[in-house]
Number of protein chains: 2
Amino acid sequence: MELTQTVNTAGGSVILRPLCADDRNHGIFDLLAQLTQAPPLDAEVFDAILAAIDANPNHFFLVAEDKERPGKLLGTAAVLVEQKLLRAGGRVGHIEDVVVDASARGRSIGKLLVNFLIEFSKDRGCYKVILDCDEQNVAFYKRCGLEKKEVQMVRYF
Amino acid sequence: MELTQTVNTAGGSVILRPLCADDRNHGIFDLLAQLTQAPPLDAEVFDAILAAIDANPNHFFLVAEDKERPGKLLGTAAVLVEQKLLRAGGRVGHIEDVVVDASARGRSIGKLLVNFLIEFSKDRGCYKVILDCDEQNVAFYKRCGLEKKEVQMVRYF
């Protein structure tokens, strides 16, 4: 599939594309901070993570950029493809860290991000995608075609 | 940390170690079939998956082998370590596909597997581990130190 796509939304065109090095200065951390703690990373650390992700065909960071304001990021999401032994060596796409900038909500950018990663996962041979979310976001993900299944458990160190 | 460990249980000693090529003939698929569909893989496919996992420091398949019956697998579990940009480039351990053979339940082998993968995740710099489970397994994972947090959503293709 094409990893850079231009999509029309109610508020103007949006470019969906892989995260790149310049995004460190274009608000990727401001976006992620709307989800949880996300202090900016030094360029060296950021570039090393980006290089590792680029080298891994099973890990993908997607961003949505405002076509009218080059460099302005409106949203981001990631997917990690897991290789399993069960299901005949099946694969699962884990969708992570979906966030849309507060200024850009209501334009269906979240749905565009999730749909992109669903297609990406299909393209990588996955038999399903999964994600964990707050109860308050269940309705949104249902609109993306997902349904409630299990319980997420966590242990922080 | 040591990736091969011998542990005493109520029913005899158990070896915790990485999955290896011979395990294809030692019941790994019989184990996984107690969890979900898990048809046996051909040696060629199995070995290719194993090679990819061995080459990836962020993906680990653990097995529990009966020390008294070499080659007899009693349980398995896996962990996939996810690199994030948030939390200062934090990492998360995704624990997957935990299963103990029906003949070996009640010996705390499940807890040994989960605890091993928790230590593995700490060793790889994770700030948390997460997993998804049926409501009926919540009590077990609470005994492993995890707590309920979010809702898992899924879309099958």
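Quick note on labels: first sequence line is chain A, next is B, and so on, each numbered from 1.
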Within 45° cone of F157(B) ring axis and under 6.0 Å: R155(B) NZ or CZ: no
How long is the gap from CD on Q34(A) to CG on L86(B), to the nearest 0.5 Å? 12.5 Å
Rounding to 0.5 Å, atoms SG (C126(A)) and CD (Q83(A)) come to a distance of 9.0 Å
What part of [X] gets closer than 4.5 Å to chain A, counting heavy atoms only: side chain, backbone, both or neither?
| X | answer |
| --- | --- |
| L80(B) | side chain |
| C144(B) | backbone |
| L85(B) | both |
| L35(B) | side chain |
| L50(B) | neither |
| V129(B) | both |

For the pair F60(A) and F116(A), name the ring-plane relationship: parallel under 30°, tilted 30 to 60°, perpendicular over 60°. parallel
Would you call the rings of F46(A) and F29(A) parallel, tilted or perpendicular, taking 30° and 60° as the class edges? perpendicular
Please classify the contact between A88(A) and chain B as side chain, backbone, both or neither, with a heavy-atom cut-off of under 4.5 Å. both
Between T6(A) and S13(A), which heavy-atom pair has the shortest distance, and what is it? CG2-CB, 4.2 Å
Specify the closest pair of heavy atoms between K111(A) and R143(A), including all atoms of both residues, with the distance to one decimal. CE-O, 3.3 Å
Any idea which of Q152(B), R87(B), E147(B) has the most non-hydrogen atom pairs under 4.5 angstrom with chain A? Q152(B)
Under a 4.5 Å heavy-atom cutoff, which of L19(A), N58(A), I49(A) has the most pairs with chain B? I49(A)
